[in-house]
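I have placed the structure first, in the form of C-alpha coordinates, so that the comments after it can refer back to it.
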2 protein chains.
Amino acid sequence: MLSKKAKYAIKTILFLQDHPDLLPISAKAIAEKEHIPYKFLENILRDLKSHQLVKSIRGAEGGYALAKDPSQISIAQVMRAMDGPIALIPCISERFYESCAECEDEETCRIRRLFAEVRTEMVEILERPITTLAKERE
Amino acid sequence: MLSKKAKYAIKTILFLQDHPDLLPISAKAIAEKEHIPYKFLENILRDLKSHQLVKSIRGAEGGYALAKDPSQISIAQVMRAMDGPIALIPCISERFYESCAECEDEETCRIRRLFAEVRTEMVEILERPITTLAKERE
DNA sequence: TATATATCCTATAAAAAAGATAGGAATTAT
DNA sequence: ATAATTCCTATCTTTTTTATAGGATATATA
Ligand code: FES
Ligand code: FES
(Lines give C-alpha, C1' and ligand atoms only; values in the text may rest on other atoms or scores of the structure.)
(Ligands and ions follow the chains in the order given, each with its own letter.)
Protein backbone atom coordinates (compact mmCIF):
# COMPACT_ATOMS: atom_id res chain seq x y z
CA MET A 1 0.00 0.00 0.00
CA LEU A 2 1.01 3.55 -0.66
CA SER A 3 2.37 5.28 2.44
CA LYS A 4 0.65 8.36 3.77
CA LYS A 5 3.80 10.26 2.97
CA ALA A 6 3.56 9.29 -0.70
CA LYS A 7 -0.10 10.15 -0.81
CA TYR A 8 0.50 13.54 0.77
CA ALA A 9 3.31 14.08 -1.73
CA ILE A 10 1.06 13.26 -4.66
CA LYS A 11 -1.59 15.62 -3.38
CA THR A 12 1.05 18.30 -2.99
CA ILE A 13 2.32 17.85 -6.53
CA LEU A 14 -1.19 17.96 -7.96
CA PHE A 15 -1.96 21.03 -5.88
CA LEU A 16 1.09 22.79 -7.26
CA GLN A 17 0.09 21.72 -10.75
CA ASP A 18 -3.33 23.23 -10.25
CA HIS A 19 -1.87 26.54 -9.07
CA PRO A 20 0.75 27.60 -11.56
CA ASP A 21 0.74 31.04 -10.07
CA LEU A 22 3.25 33.76 -10.51
CA LEU A 23 4.00 33.48 -6.84
CA PRO A 24 5.25 30.31 -5.18
CA ILE A 25 2.95 28.61 -2.68
CA SER A 26 3.94 28.28 0.96
CA ALA A 27 4.04 25.02 2.87
CA LYS A 28 1.58 26.55 5.28
CA ALA A 29 -0.95 27.14 2.52
CA ILE A 30 -0.56 23.62 1.14
CA ALA A 31 -0.85 22.08 4.61
CA GLU A 32 -4.08 23.92 5.28
CA LYS A 33 -5.71 23.30 1.92
CA GLU A 34 -4.75 19.64 1.71
CA HIS A 35 -5.05 18.81 5.41
CA ILE A 36 -1.48 17.67 5.81
CA PRO A 37 0.35 18.07 9.15
CA TYR A 38 2.54 21.10 8.60
CA LYS A 39 5.82 19.79 9.92
CA PHE A 40 5.35 16.49 8.17
CA LEU A 41 4.76 18.36 4.95
CA GLU A 42 7.99 20.29 5.41
CA ASN A 43 9.88 17.01 5.44
CA ILE A 44 8.02 15.82 2.37
CA LEU A 45 8.75 19.02 0.50
CA ARG A 46 12.41 18.72 1.32
CA ASP A 47 12.44 15.21 -0.14
CA LEU A 48 10.53 16.34 -3.20
CA LYS A 49 13.04 19.09 -3.67
CA SER A 50 16.05 16.83 -3.30
CA HIS A 51 14.51 14.69 -6.02
CA GLN A 52 14.12 17.72 -8.29
CA LEU A 53 10.34 17.51 -8.33
CA VAL A 54 9.74 20.88 -6.71
CA LYS A 55 11.79 24.01 -6.35
CA SER A 56 11.66 26.52 -3.53
CA ILE A 57 12.00 30.24 -2.97
CA ARG A 58 13.18 31.21 0.50
CA GLY A 59 12.15 34.06 2.71
CA ALA A 60 8.97 36.05 3.06
CA GLU A 61 6.61 35.56 0.12
CA GLY A 62 8.59 32.42 -0.60
CA GLY A 63 7.23 28.96 -1.15
CA TYR A 64 7.24 26.06 -3.57
CA ALA A 65 6.49 25.39 -7.22
CA LEU A 66 6.96 22.45 -9.55
CA ALA A 67 10.57 22.11 -10.62
CA LYS A 68 9.66 21.14 -14.16
CA ASP A 69 6.81 21.11 -16.59
CA PRO A 70 3.96 18.86 -15.37
CA SER A 71 4.27 16.90 -18.61
CA GLN A 72 7.64 15.75 -17.28
CA ILE A 73 6.35 14.59 -13.88
CA SER A 74 4.74 11.22 -13.14
CA ILE A 75 3.17 9.56 -10.12
CA ALA A 76 5.91 6.94 -10.36
CA GLN A 77 8.55 9.60 -9.77
CA VAL A 78 6.76 10.82 -6.67
CA MET A 79 6.29 7.29 -5.35
CA ARG A 80 9.95 6.44 -5.84
CA ALA A 81 11.03 9.64 -4.11
CA MET A 82 8.89 8.87 -1.08
CA ASP A 83 8.62 5.09 -0.75
CA GLY A 84 11.43 3.76 -2.90
CA PRO A 85 10.90 0.93 -5.36
CA ILE A 86 7.72 0.39 -7.34
CA ALA A 87 8.57 -3.30 -7.71
CA LEU A 88 7.19 -5.74 -5.13
CA ILE A 89 10.49 -7.59 -4.75
CA PRO A 90 13.93 -5.98 -4.67
CA CYS A 91 15.68 -8.25 -7.17
CA ILE A 92 13.81 -6.85 -10.15
CA SER A 93 13.76 -3.19 -9.22
CA GLU A 94 15.34 -1.02 -11.86
CA ARG A 95 16.47 1.80 -9.58
CA PHE A 96 16.62 0.14 -6.16
CA TYR A 97 18.02 -3.26 -6.99
CA GLU A 98 18.99 -5.54 -4.12
CA SER A 99 19.51 -9.26 -4.21
CA CYS A 100 16.92 -11.33 -2.37
CA ALA A 101 18.29 -12.62 0.90
CA GLU A 102 15.80 -15.49 0.93
CA CYS A 103 16.28 -16.75 -2.60
CA GLU A 104 19.24 -18.91 -3.47
CA ASP A 105 19.55 -18.01 -7.12
CA GLU A 106 17.84 -15.42 -9.25
CA GLU A 107 18.17 -17.56 -12.35
CA THR A 108 16.13 -20.39 -10.93
CA CYS A 109 13.72 -18.32 -8.83
CA ARG A 110 10.16 -19.31 -9.56
CA ILE A 111 8.50 -15.99 -8.87
CA ARG A 112 11.01 -13.49 -10.22
CA ARG A 113 9.64 -13.46 -13.75
CA LEU A 114 6.10 -13.07 -12.58
CA PHE A 115 6.94 -10.08 -10.43
CA ALA A 116 9.05 -8.59 -13.19
CA GLU A 117 5.99 -8.70 -15.38
CA VAL A 118 3.94 -7.06 -12.65
CA ARG A 119 6.49 -4.30 -12.25
CA THR A 120 6.58 -3.64 -15.99
CA GLU A 121 2.82 -3.20 -16.14
CA MET A 122 2.76 -1.03 -13.03
CA VAL A 123 5.49 1.24 -14.30
CA GLU A 124 3.85 1.60 -17.69
CA ILE A 125 0.76 3.07 -16.07
CA LEU A 126 2.42 5.02 -13.26
CA GLU A 127 4.96 6.69 -15.54
CA ARG A 128 2.31 8.62 -17.40
CA PRO A 129 2.67 12.38 -17.01
CA ILE A 130 0.41 13.87 -14.38
CA THR A 131 -1.12 16.01 -17.11
CA THR A 132 -3.09 12.92 -18.12
CA LEU A 133 -4.84 12.87 -14.75
CA ALA A 134 -7.99 14.68 -15.69
CA LYS A 135 -10.54 15.30 -12.99
CA GLU A 136 -13.19 12.62 -13.02
CA ARG A 137 -16.79 13.28 -13.94
CA GLU A 138 -15.58 14.98 -17.10
CA MET B 1 7.14 -4.38 -1.21
CA LEU B 2 6.16 -7.93 -0.38
CA SER B 3 6.55 -8.72 3.33
CA LYS B 4 8.88 -11.48 4.42
CA LYS B 5 5.84 -13.30 5.69
CA ALA B 6 4.28 -13.30 2.24
CA LYS B 7 7.50 -14.40 0.63
CA TYR B 8 7.91 -17.25 3.10
CA ALA B 9 4.32 -18.21 2.45
CA ILE B 10 4.87 -18.31 -1.30
CA LYS B 11 7.95 -20.44 -0.86
CA THR B 12 5.99 -22.74 1.39
CA ILE B 13 3.16 -23.12 -1.10
CA LEU B 14 5.58 -23.83 -3.95
CA PHE B 15 7.43 -26.31 -1.79
CA LEU B 16 4.23 -28.16 -1.07
CA GLN B 17 3.37 -28.07 -4.75
CA ASP B 18 6.72 -29.65 -5.57
CA HIS B 19 6.22 -32.45 -3.04
CA PRO B 20 2.80 -33.93 -3.66
CA ASP B 21 3.76 -36.85 -1.50
CA LEU B 22 1.50 -39.41 -0.02
CA LEU B 23 2.55 -38.18 3.38
CA PRO B 24 2.05 -34.61 4.58
CA ILE B 25 5.14 -32.49 5.16
CA SER B 26 5.97 -31.19 8.61
CA ALA B 27 6.57 -27.55 9.45
CA LYS B 28 9.98 -28.58 10.70
CA ALA B 29 10.93 -30.00 7.32
CA ILE B 30 9.71 -26.94 5.45
CA ALA B 31 11.50 -24.59 7.85
CA GLU B 32 14.78 -26.40 7.36
CA LYS B 33 14.60 -26.75 3.61
CA GLU B 34 13.39 -23.23 2.96
CA HIS B 35 15.36 -21.51 5.75
CA ILE B 36 12.32 -20.08 7.47
CA PRO B 37 12.32 -19.52 11.26
CA TYR B 38 10.33 -22.45 12.60
CA LYS B 39 7.97 -20.64 14.93
CA PHE B 40 7.34 -17.91 12.40
CA LEU B 41 6.48 -20.57 9.87
CA GLU B 42 3.97 -22.11 12.26
CA ASN B 43 2.12 -18.80 12.35
CA ILE B 44 2.23 -18.54 8.59
CA LEU B 45 0.89 -22.06 8.15
CA ARG B 46 -1.94 -21.32 10.50
CA ASP B 47 -2.89 -18.31 8.40
CA LEU B 48 -2.58 -20.28 5.19
CA LYS B 49 -4.84 -22.91 6.68
CA SER B 50 -7.45 -20.42 7.85
CA HIS B 51 -7.54 -19.14 4.27
CA GLN B 52 -8.05 -22.66 2.94
CA LEU B 53 -4.77 -22.72 1.09
CA VAL B 54 -3.25 -25.61 3.01
CA LYS B 55 -4.68 -28.42 5.08
CA SER B 56 -3.06 -30.13 8.03
CA ILE B 57 -2.84 -33.53 9.63
CA ARG B 58 -2.18 -33.50 13.34
CA GLY B 59 -0.02 -35.77 15.44
CA ALA B 60 3.04 -37.85 14.70
CA GLU B 61 3.66 -38.28 10.99
CA GLY B 62 1.40 -35.29 10.53
CA GLY B 63 2.12 -32.17 8.55
CA TYR B 64 0.78 -30.00 5.79
CA ALA B 65 -0.34 -30.30 2.18
CA LEU B 66 -2.04 -28.02 -0.31
CA ALA B 67 -5.75 -27.74 0.40
CA LYS B 68 -6.68 -27.76 -3.27
CA ASP B 69 -5.30 -28.53 -6.65
CA PRO B 70 -2.39 -26.24 -7.54
CA SER B 71 -4.30 -25.15 -10.62
CA GLN B 72 -6.72 -23.48 -8.20
CA ILE B 73 -4.06 -21.58 -6.24
CA SER B 74 -2.51 -18.25 -7.22
CA ILE B 75 0.19 -15.98 -5.83
CA ALA B 76 -2.50 -13.33 -5.41
CA GLN B 77 -4.38 -15.59 -2.99
CA VAL B 78 -1.27 -16.08 -0.90
CA MET B 79 -0.47 -12.38 -0.91
CA ARG B 80 -3.96 -11.44 0.19
CA ALA B 81 -3.90 -14.02 2.97
CA MET B 82 -0.62 -12.65 4.32
CA ASP B 83 -0.48 -8.94 3.52
CA GLY B 84 -4.04 -7.99 2.69
CA PRO B 85 -4.94 -5.96 -0.36
CA ILE B 86 -3.10 -6.12 -3.67
CA ALA B 87 -4.26 -2.61 -4.52
CA LEU B 88 -2.00 0.31 -3.64
CA ILE B 89 -4.84 2.41 -2.23
CA PRO B 90 -7.73 1.09 -0.12
CA CYS B 91 -10.58 2.77 -1.98
CA ILE B 92 -10.25 0.53 -5.02
CA SER B 93 -9.53 -2.75 -3.32
CA GLU B 94 -12.03 -5.43 -4.25
CA ARG B 95 -11.76 -7.50 -1.07
CA PHE B 96 -10.39 -5.01 1.45
CA TYR B 97 -12.22 -1.84 0.55
CA GLU B 98 -11.88 1.15 2.85
CA SER B 99 -12.62 4.74 2.06
CA CYS B 100 -9.62 7.04 1.86
CA ALA B 101 -9.35 9.20 4.94
CA GLU B 102 -7.33 11.82 3.07
CA CYS B 103 -9.51 12.17 0.00
CA GLU B 104 -12.68 14.21 0.13
CA ASP B 105 -14.60 12.44 -2.60
CA GLU B 106 -13.93 9.28 -4.54
CA GLU B 107 -15.81 10.57 -7.54
CA THR B 108 -13.55 13.53 -8.04
CA CYS B 109 -10.31 11.94 -6.85
CA ARG B 110 -7.59 12.47 -9.42
CA ILE B 111 -5.59 9.32 -8.76
CA ARG B 112 -8.25 6.74 -8.10
CA ARG B 113 -8.71 5.72 -11.71
CA LEU B 114 -5.03 5.41 -12.29
CA PHE B 115 -4.56 3.14 -9.32
CA ALA B 116 -7.61 1.12 -10.27
CA GLU B 117 -5.98 0.47 -13.60
CA VAL B 118 -2.77 -0.55 -11.85
CA ARG B 119 -4.64 -2.95 -9.59
CA THR B 120 -6.44 -4.52 -12.55
CA GLU B 121 -3.18 -5.23 -14.32
CA MET B 122 -1.51 -6.55 -11.17
CA VAL B 123 -4.37 -8.88 -10.39
CA GLU B 124 -4.50 -10.19 -13.93
CA ILE B 125 -0.92 -11.39 -13.63
CA LEU B 126 -0.94 -12.45 -10.00
CA GLU B 127 -4.13 -14.48 -10.29
CA ARG B 128 -2.55 -16.99 -12.64
CA PRO B 129 -2.45 -20.49 -11.19
CA ILE B 130 0.88 -21.41 -9.64
CA THR B 131 1.09 -24.26 -12.11
CA THR B 132 2.13 -21.67 -14.69
CA LEU B 133 5.27 -20.86 -12.69
CA ALA B 134 7.71 -23.05 -14.51
CA LYS B 135 11.26 -23.12 -13.27
CA GLU B 136 13.40 -20.70 -15.22
CA ARG B 137 16.23 -21.80 -17.51
CA GLU B 138 13.77 -24.07 -19.28
C1' DT C 1 0.03 -47.64 27.07
C1' DA C 2 4.22 -44.85 26.95
C1' DT C 3 6.76 -42.13 23.84
C1' DA C 4 7.98 -39.27 20.28
C1' DT C 5 6.39 -36.31 16.86
C1' DA C 6 3.39 -33.14 15.33
C1' DT C 7 -0.15 -29.44 15.01
C1' DC C 8 -2.47 -25.84 17.50
C1' DC C 9 -3.03 -21.71 20.37
C1' DT C 10 -2.11 -17.51 23.07
C1' DA C 11 0.92 -14.42 24.42
C1' DT C 12 4.93 -11.61 24.35
C1' DA C 13 9.19 -9.47 22.88
C1' DA C 14 12.30 -7.16 19.79
C1' DA C 15 13.28 -4.56 15.79
C1' DA C 16 12.08 -1.69 12.13
C1' DA C 17 9.28 1.56 9.74
C1' DA C 18 5.87 5.10 9.49
C1' DG C 19 3.94 9.13 11.07
C1' DA C 20 4.39 13.24 13.46
C1' DT C 21 6.44 17.04 16.20
C1' DA C 22 10.00 20.44 18.25
C1' DG C 23 13.08 24.16 18.15
C1' DG C 24 15.70 27.09 16.05
C1' DA C 25 19.01 28.87 12.15
C1' DA C 26 19.07 31.18 7.75
C1' DT C 27 16.94 33.93 4.21
C1' DT C 28 14.28 37.66 2.15
C1' DA C 29 10.29 40.94 0.97
C1' DT C 30 8.30 44.79 2.89
C1' DA D 1 13.51 45.89 12.12
C1' DT D 2 9.92 42.67 11.35
C1' DA D 3 7.31 39.05 9.77
C1' DA D 4 7.10 35.27 6.84
C1' DT D 5 9.15 31.66 5.17
C1' DT D 6 12.43 27.80 3.92
C1' DC D 7 15.88 24.83 5.86
C1' DC D 8 17.99 21.52 9.05
C1' DT D 9 18.69 18.19 12.76
C1' DA D 10 16.88 15.80 16.15
C1' DT D 11 13.46 13.40 18.71
C1' DC D 12 9.27 11.28 19.86
C1' DT D 13 5.18 8.21 19.26
C1' DT D 14 2.64 4.74 17.16
C1' DT D 15 2.10 0.97 14.23
C1' DT D 16 3.73 -2.87 11.76
C1' DT D 17 6.80 -6.48 11.01
C1' DT D 18 9.51 -10.16 12.43
C1' DA D 19 10.39 -13.50 15.66
C1' DT D 20 10.20 -16.29 19.92
C1' DA D 21 8.27 -18.78 24.18
C1' DG D 22 5.67 -22.14 26.44
C1' DG D 23 2.52 -25.28 26.65
C1' DA D 24 -2.03 -27.81 25.28
C1' DT D 25 -3.76 -31.23 22.17
C1' DA D 26 -3.65 -35.00 18.90
C1' DT D 27 -1.87 -39.31 16.88
C1' DA D 28 1.18 -43.00 14.85
C1' DT D 29 3.73 -46.61 16.35
C1' DA D 30 6.66 -49.46 19.26
S1 FES E 1 12.29 -13.22 -5.53
FE2 FES E 1 14.19 -12.25 -5.91
S3 FES E 1 15.46 -13.94 -6.43
FE4 FES E 1 13.58 -14.89 -5.89
S1 FES F 1 -7.18 7.73 -3.45
FE2 FES F 1 -8.97 6.84 -2.63
S3 FES F 1 -10.42 8.41 -2.90
FE4 FES F 1 -8.60 9.35 -3.56
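Computed from a predicted model, the values in this text were never measured in an experiment. Here is how names work: the chains are called A, B, and so on, in the same order as the sequence lines, proteins then strands, and each is numbered from 1.
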Atom pairs under 3.5 Å, N or O on each side, protein against nucleotides 27-30 of chain D: can you list them with distances?
from   : atom 1 : to    : atom 2 : distance (Å)
D/dT27 : O2     : B/A60 : N      : 3.3

Partners passing side chain to side chain donor-acceptor pair (under 3.5 Å) against [X] (at least two apart in sequence or in another chain):
| X | value |
| --- | --- |
| A/K55 | none |
| B/S50 | none |
| A/Q17 | B/R110 |
| B/K7 | A/E102 |

Just checking A/K49: base, sugar-phosphate only, or nothing, at a heavy-atom cut-off of under 4.0 Å?
sugar-phosphate
Show me, pair by pair, the donor-acceptor contacts under 3.5 angstrom made by side chains of residues 23-35 of chain B, not counting sequence neighbours?
from  : atom 1 : to    : atom 2 : distance (Å)
B/S26 : OG     : B/A29 : N      : 3.1

B/I111 CD1 to B/I92 CD1 distance, which is reported to the nearest 0.5 Å:
9.0 Å
Rounding to 0.5 Å, atoms NZ (A/K4) and CE (A/M82) come to a distance of 16.0 Å
Look at A/S56 and D/dC7 and indicate whether a side-chain polar atom (N or O) is within less than 4.0 Å of OP1 or OP2.
yes
Quick one: [X] [atom1] to [N] [atom2], roughly how many Å, whole number?
| X | N | atom1 | atom2 | value |
| --- | --- | --- | --- | --- |
| B/I30 | C/dA6 | CD1 | P | 11 Å |
| B/K28 | C/dA4 | NZ | C1' | 11 Å |
| B/M1 | C/dA17 | CE | P | 11 Å |

For B/Y8, enumerate each residue passing the ring-ring contact (aromatic ring centres under 6.0 Å, His included) test, keeping only those at least two apart in sequence or located in another chain.
B/F40
State, yes or no, whether a side-chain contact exists between [X] and [Y] at a heavy-atom distance under 4.5 Å.
| X | Y | answer |
| --- | --- | --- |
| B/F115 | A/L2 | yes |
| A/C91 | A/Y97 | yes |
| A/L41 | A/L45 | yes |
| A/I13 | A/Q77 | no |

The side chain of B/S26 lies closest to which of these nucleotides: C/dC8, D/dC7, C/dA6?
C/dA6
Side-chain donor-acceptor distances from residues 126-134 of chain A under 3.5 Å, at least two apart:
from   : atom 1 : to     : atom 2 : distance (Å)
A/E127 : OE1    : A/S74  : OG     : 3.0
A/E127 : OE2    : A/R80  : NH1    : 3.2
A/E127 : OE2    : A/R80  : NH2    : 3.1
A/R128 : NH1    : B/E117 : OE1    : 3.1
A/R128 : NH1    : B/E117 : OE2    : 3.4
A/R128 : NH2    : B/E117 : OE2    : 2.7
A/T132 : OG1    : A/P129 : O      : 2.7

Any residue in residues 32-47 of chain A with a heavy atom nearer than 4.0 angstrom to DNA chain C? Just list them by number, or reply none.
A/P37, A/K39, A/F40, A/N43
Within residues 88-102 of chain A: residues closer than 4.0 Å to DNA chain C (heavy atoms):
none
Bend angle of the helix from C/dT1-D/dA30 to C/dT30-D/dA1, from helix axes over five pairs at each end, nearest 10°:
10°
Of the non-hydrogen atoms in [X] and [Y], which two are nearest, and what is the gap between them?
| X | Y | result |
| --- | --- | --- |
| A/I73 | A/L53 | CD1-O, 4.0 Å |
| A/F96 | A/S93 | N-OG, 2.9 Å |
| B/I125 | A/L114 | CG2-CD1, 3.6 Å |

Considering only heavy atoms, which members of residues 3-12 of chain A lie under 4.0 Å from some atom of DNA chain D?
none
